[in-house]
Engineer: 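Take a look at the following structure, please.
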Amino acid sequence: MAAVSSSSLLNKAVRQQYMSLSQGGKCQVTYIWIDGTGESLRNKTRTLDSEPKSIKDIPEWNFDGSSTYQAEGSNSDMYLVPVCMFRDPFLLDPNKLVLCEVLKYNRLPAETNHRASCKKVMDKVKEDCIWFGMEQEFTLLGTDGHPFSWPTNGYPAPQGPYYCGVGADCAFGRDIVECHYKACLYAGVKIYGSNAEVMPSQWEFQVGPCEGIEMGDHLWVARFLLHRVCEDFGIVATLDPKPKTGNWNGAGCHTNVSTKRMREQGGLQFIEQAIEKLGKRHNEHITVYDPRGGQDNIRRLTGHHETSSINDFSAGVANRGASIRIPRQVGQEKRGYFEDRRPAANCDPYTVTRAIASTCLLDSGEEKESK
Ligand code: ADP
Ligand code: MN
Ligand code: MN
Ligand code: MN
């Protein structure tokens, strides 16, 4: 039996009695933010007297940054600035989820708040109408850290039947994926699709197309929903880019990109231009494609298991062993989008989309922009 949390075994019928109580016209708003790890999310809830109609109706708040790896205890208050509002699929209407930026005591962005600099770049390239779609791969684990449904001793049958698989011997934990999908739709997160992945108990959902800053906002909230759904089921979703060494696929966050010109007739030439620019800044991109400057991705980008080597830049039509893939249909229609396959599953979508937008569309590139 898989190790599941005690919380998931609490009596849900009892819970339901309370969940169906009326809430007297008040509104519960759950504030969500990225903590000092740059990977984990935190959240806390407060009451508003009425339902907020837009993000402007949600007040700033604060939290104790010394408990989230974000501040010293002696000067620990951090600001939460609401940036994006969603419906709450757990507490239901009229309650809200709100993604926040974190500011320090001096109102400058916290170290792991990469939204602020991403937004600056996205505002500069507004006329290009840059769209992103990110493919979030993840792996389900028991609370003991062992892959969900893998034999306690030993390994499952080798990779082959699991990608997009069906059946009790091929698909493990589909409940999570289906519930997460519904939660995203209810919330208003732009989920695009989902599928079972190559490694058993590994799955993917996609978010997009999203324009500019919206990509990071929607992916972070989609990740919050994933962790929250998993919590209900008593298991864990990890975004580790290589949860199992050996002959098992890693987990990425392929990033699909297009500008208005790329989407129009003959747009392939602009895709090729963008790829040429990306090739000149390969190393800079690798340092922002995972939260540890490439140290996580080095375990994944081996040149095997449908990846390119972390040391080389390559591009090709329908090539899943390249850094950049041009989908076959895009090659045929000579317009559309390209896929950057390098970002790790645990990347910050704000740093990834910022780097791509500035390299492809700003002369100064990423280096100057991030300062
Ligand atoms: P793959 O074949 O690599 O597995 P997926 O079907 O998993 O691709 O994901 C495709 C992604 O591409 C989705 O996130 C979708 O939103 C995104 N996408 C589709 N069209 C565009 C476009 N024109 N520009 C940017 N992203 C796009
Ligand atoms: Mn995919
Ligand atoms: Mn995939
Ligand atoms: Mn892909």
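Heads up: numbering here begins at 1 and tracks the sequence. FYI, side chains are in, hydrogens and waters are out, and symmetry mates aren't considered; it's all heavy atoms of this structure.
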Engineer: Hey, quick one: are Trp203 and Ile191 part of the same hydrophobic cluster, counting side-chain heavy atoms closer than 4.5 Å, chains of contacts allowed?
Structural biologist: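 Trp203 clusters together with Ile191.
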
Engineer: Between the main-chain N or O of Ser54 and the side-chain N or O of Asp57, is there a donor-acceptor pair closer than 3.5 Å?
Structural biologist: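 Here the side-chain-to-backbone pair exists.
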
Engineer: With a 3.5 Å distance limit and no angle check, can you tell me whether Thr68 reaches the backbone of Asp35 through a side-chain donor-acceptor pair?
Structural biologist: no

Engineer: Would a single hydrophobic cluster contain both Phe172 and Phe233, if residues Ile, Leu, Val, Met, Phe, Trp and Tyr are joined by side-chain heavy-atom contacts under 4.5 Å?
Structural biologist: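 Phe233 and Phe172: one cluster.
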
Engineer: Cut-off 3.5 Å, side chains only: do Asn311 and His282 have a donor facing an acceptor?
Structural biologist: no

Engineer: Is there a donor-acceptor pair under 3.5 Å between the side chain of Asn297 and the backbone N or O of Asp290?
Structural biologist: no

Engineer: Test salt bridge (charged side-chain N to carboxylate O under 4.0 Å, His left out) on Glu39 and Arg292; report intermediate values, then the result.
Structural biologist: CA-CA 10 Å; Glu39 282 186 87; Arg292 268 165 283 276; 2.5 Å; yes

Engineer: Please walk me through it: do Leu10 and Arg15 pass side chain to side chain contact (heavy atoms under 4.5 Å, CB included)?
Structural biologist: CA-CA 9 Å; Leu10 293 174; Arg15 179 182 197 268; over 6 Å; no

Engineer: Is there a side-chain contact between Asp348 and Pro291 (heavy atoms, below 4.5 Å)?
Structural biologist: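 Side chain of Asp348 against side chain of Pro291, heavy atoms only: no contact under 4.5 Å found.
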
Engineer: Using every non-hydrogen atom in the two residues, find where Met134 and Cys253 come nearest and quote the distance to one decimal.
Structural biologist: CE-SG, 3.8 Å

Engineer: Could you tell me the separation between the OH atom of Tyr181 and the CG atom of Leu225, rounded to the nearest 0.5 Å?
Structural biologist: 13.5 Å

Engineer: Report yes if some heavy atom in the side chain of Glu306 is under 4.5 Å from a heavy atom in the side chain of Arg341; otherwise report no.
Structural biologist: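 Heavy-atom side-chain distance check passes, below 4.5 Å.
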
Engineer: Surrounding CG of Asp49 (heavy atoms of other residues, nucleotides or ligands, distance under 6.0 Å), is the total greater than 12?
Structural biologist: no

Engineer: Identify the two heavy atoms, one from Ile176 and one from Cys230, that lie closest to each other, and give their separation to 0.1 Å.
Structural biologist: CG2-SG, 3.6 Å

Engineer: Check step by step if side chain to side chain contact (heavy atoms under 4.5 Å, CB included) holds for Trp33 and Phe63.
Structural biologist: CA-CA 10 Å; Trp33 70 97; Phe63 69 96; 3.2 Å; yes

Engineer: If you measure only the distance, is there a donor-acceptor pair under 3.5 Å linking the side chains of Asn256 and Trp131?
Structural biologist: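 Note: Asn256 and Trp131 side chains miss the donor-acceptor criterion.
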
Engineer: Any heavy-atom pair between the side chains of Ile130 and Cys360 that's under 4.5 Å?
Structural biologist: no

Engineer: State, to 0.1 Å, how close Lys96 and Cys27 come at their nearest heavy-atom pair, and which atoms those are.
Structural biologist: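 Where Lys96 meets Cys27 most closely, the heavy atoms are CG-SG, 4.3 Å.
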
Engineer: Tell me if a side-chain donor or acceptor on Asp232 pairs with a main-chain N or O of Val229 at a distance below 3.5 Å.
Structural biologist: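 No, because the side chain of Asp232 does not come within donor-acceptor range (under 3.5 Å) of the backbone of Val229.
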
Engineer: Any ion pair linking Lys260 and Glu264 (charged N to carboxylate O, less than 4.0 Å)?
Structural biologist: yes

Engineer: Under 6.0 Å from the CZ atom of Arg107, do we count more than 12 heavy atoms belonging to anything else shown?
Structural biologist: yes

Engineer: Measure from the side-chain N and O atoms of Glu211 to the backbone N and O of Cys129, and report whether any donor-acceptor pair falls under 3.5 Å.
Structural biologist: no

Engineer: Salt-bridge test for Lys119 and Glu101: reply yes if a basic N is under 4.0 Å from a carboxylate O, no otherwise.
Structural biologist: no

Engineer: Determine whether Val83 and Ile213 make a side-chain contact, defined as any pair of heavy atoms from C-beta on separated by less than 4.5 Å.
Structural biologist: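 No, side chains not in contact.
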
Engineer: Using modelled atom types and a 3.5 Å cut-off, is there a donor and acceptor pairing between side-chain atoms of Ser314 and backbone atoms of Ser323?
Structural biologist: yes

Engineer: Is there a path of hydrophobic side-chain contacts, each under 4.5 Å between heavy atoms, that joins Leu141 and Leu239?
Structural biologist: no

Engineer: Between Ser201 and Phe148 (side chain of the first, backbone of the second, donor and acceptor by atom type, cut-off under 3.5 Å), is there such a pair?
Structural biologist: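 Indeed, once roles are kept as given, a pair shorter than 3.5 Å links the two residues.
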
Engineer: What's the shortest heavy-atom distance between Pro156 and Pro151, and which atoms?
Structural biologist: N-CD, 3.8 Å

Engineer: Looking at side-chain heavy atoms only, is the closest gap between Met78 and Lys104 below 4.5 Å?
Structural biologist: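 Met78 reaches Lys104 side chain to side chain.
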
Engineer: Which residue in the set Thr255, Leu278, Ile310 passes side-chain contact (heavy atoms from CB on, under 4.5 Å) when paired with Arg342?
Structural biologist: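 Of the listed residues Thr255, Leu278, Ile310, the side-chain contact (heavy atoms from CB on, under 4.5 Å) partner of Arg342 is Leu278.
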
Engineer: Would one find more than 12 heavy atoms of other residues, nucleotides or ligands at under 6.0 Å from atom CD of Gln329?
Structural biologist: no

Engineer: Is there a donor in the side chain of Tyr350 and an acceptor in the side chain of Asp217, or the other way round, less than 3.5 Å apart?
Structural biologist: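 Yes, side-chain donor-acceptor contact under 3.5 Å.
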
Engineer: If you take the centroid of each ring, where Trp contributes its six-membered ring, are Trp150 and Trp248 closer together than 6.0 Å?
Structural biologist: yes

Engineer: Side-chain contact, heavy-atom cut-off 4.5 Å: Arg115 with Val102?
Structural biologist: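 No, every pair of side-chain atoms sits at 4.5 Å or beyond.
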
Engineer: Kindly indicate whether the side chain of Glu214, heavy atoms from C-beta on, has any atom under 4.5 Å from the side chain of Lys190.
Structural biologist: yes

Engineer: Please report the interatomic distance CD1(Ile55) to SG(Cys100), rounded to the nearest 0.5 Å.
Structural biologist: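 One gets 7.0 Å once the value is rounded to the nearest 0.5 Å.
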
Engineer: Is there a donor-acceptor contact under 3.5 Å from the side chain of Asn249 to the main chain of Met199?
Structural biologist: no

Engineer: Would you check if there is a donor-acceptor pair between the side chains of Asp93 and Tyr186 at a distance under 3.5 Å?
Structural biologist: yes

Engineer: Heavy-atom distance under 4.5 Å between the side chains of Pro59 and Leu48, does that happen here?
Structural biologist: yes

Engineer: Using the six-membered ring wherever Trp is involved, compare the ring planes of Phe224 and Phe90 and label them parallel, tilted or perpendicular (cut-offs 30° and 60°).
Structural biologist: perpendicular

Engineer: Give a yes or no on whether Phe132 and Tyr192 share a hydrophobic cluster (residues Ile, Leu, Val, Met, Phe, Trp, Tyr; joining criterion: side-chain heavy atoms under 4.5 Å apart).
Structural biologist: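 Each belongs to a different hydrophobic cluster.
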
Engineer: Do the rings of Phe86 and His218 sit parallel, tilted or perpendicular, given the 30° and 60° boundaries?
Structural biologist: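 The arrangement is perpendicular - the two ring planes meet at more than 60°.
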
Engineer: With distance as the sole test, does Ser309 use its side chain to make a donor-acceptor pair with the main-chain N or O of Gly303 at under 3.5 Å?
Structural biologist: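 Such a contact is absent between Ser309 side chain and Gly303 backbone.
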
Engineer: Taking atom NZ of Lys12 as the centre, report whether more than 12 heavy atoms of other residues, nucleotides or ligands fall under 6.0 Å from it.
Structural biologist: yes

Engineer: With no hydrogens and no angle check, do the side chains of Glu111 and Asn113 hold a donor and an acceptor under 3.5 Å apart?
Structural biologist: no

Engineer: Using atom types as modelled and distance alone, determine if a side-chain donor or acceptor of Arg335 lies under 3.5 Å from a backbone N or O of Met262.
Structural biologist: no

Engineer: Is there a side chain to side chain contact (heavy atoms under 4.5 Å, CB included) between Thr287 and Asn283? Walk through the geometry before answering.
Structural biologist: CA-CA 6 Å; Thr287 61; Asn283 292 335; 5.8 Å; no

Engineer: What distance separates Leu268 CG from Ile275 CD1, expressed to the nearest 0.5 Å?
Structural biologist: 8.0 Å

Engineer: Would you please say whether a donor-acceptor pair under 3.5 Å links the side chains of Ser5 and Thr143?
Structural biologist: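 There is no such pair between these side chains.
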
Engineer: So, taking the atom named NE2 in His285 and the one named OG1 in Thr359, what distance separates them when rounded to the nearest 0.5 Å?
Structural biologist: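 One gets 2.5 Å once the value is rounded to the nearest 0.5 Å.
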
Engineer: Consider only side-chain heavy atoms of I, L, V, M, F, W and Y, link residues closer than 4.5 Å, and tell whether Tyr337 and Val125 are in one cluster.
Structural biologist: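 They do share one cluster, since a chain of ILVMFWY contacts under 4.5 Å joins Tyr337 to Val125.
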
Engineer: Any carboxylate oxygen within less than 4.0 angstrom of a Lys/Arg side-chain nitrogen, looking at Arg299 and Asp240?
Structural biologist: yes

Engineer: Mind checking the CD-CD1 spacing from Gln70 to Ile34? Nearest 0.5 Å is all I need.
Structural biologist: 9.0 Å

Engineer: Working to the nearest 0.5 angstrom, can you tell me the gap between Asn319 CG and Ile324 CD1?
Structural biologist: 11.0 Å

Engineer: How far apart are the closest heavy atoms of Pro349 and Thr353, and which atoms are they?
Structural biologist: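 Between these two residues, the closest heavy atoms are O-OG1, 2.8 Å.
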
Engineer: Applying side chain to side chain contact (heavy atoms under 4.5 Å, CB included), run through Gln23 and Asn95 and close with a yes or a no.
Structural biologist: CA-CA 10 Å; Gln23 49 183 72; Asn95 304 304; 2.8 Å; yes

Engineer: Count the heavy atoms belonging to other residues, nucleotides or ligands that lie under 6.0 Å from NZ of Lys44, then report whether that count exceeds 12.
Structural biologist: yes

Engineer: Angle class for the Phe205/Phe138 ring planes (parallel below 30°, perpendicular above 60°, tilted otherwise)?
Structural biologist: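 Rings of Phe205 and Phe138: tilted, 30 to 60°.
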
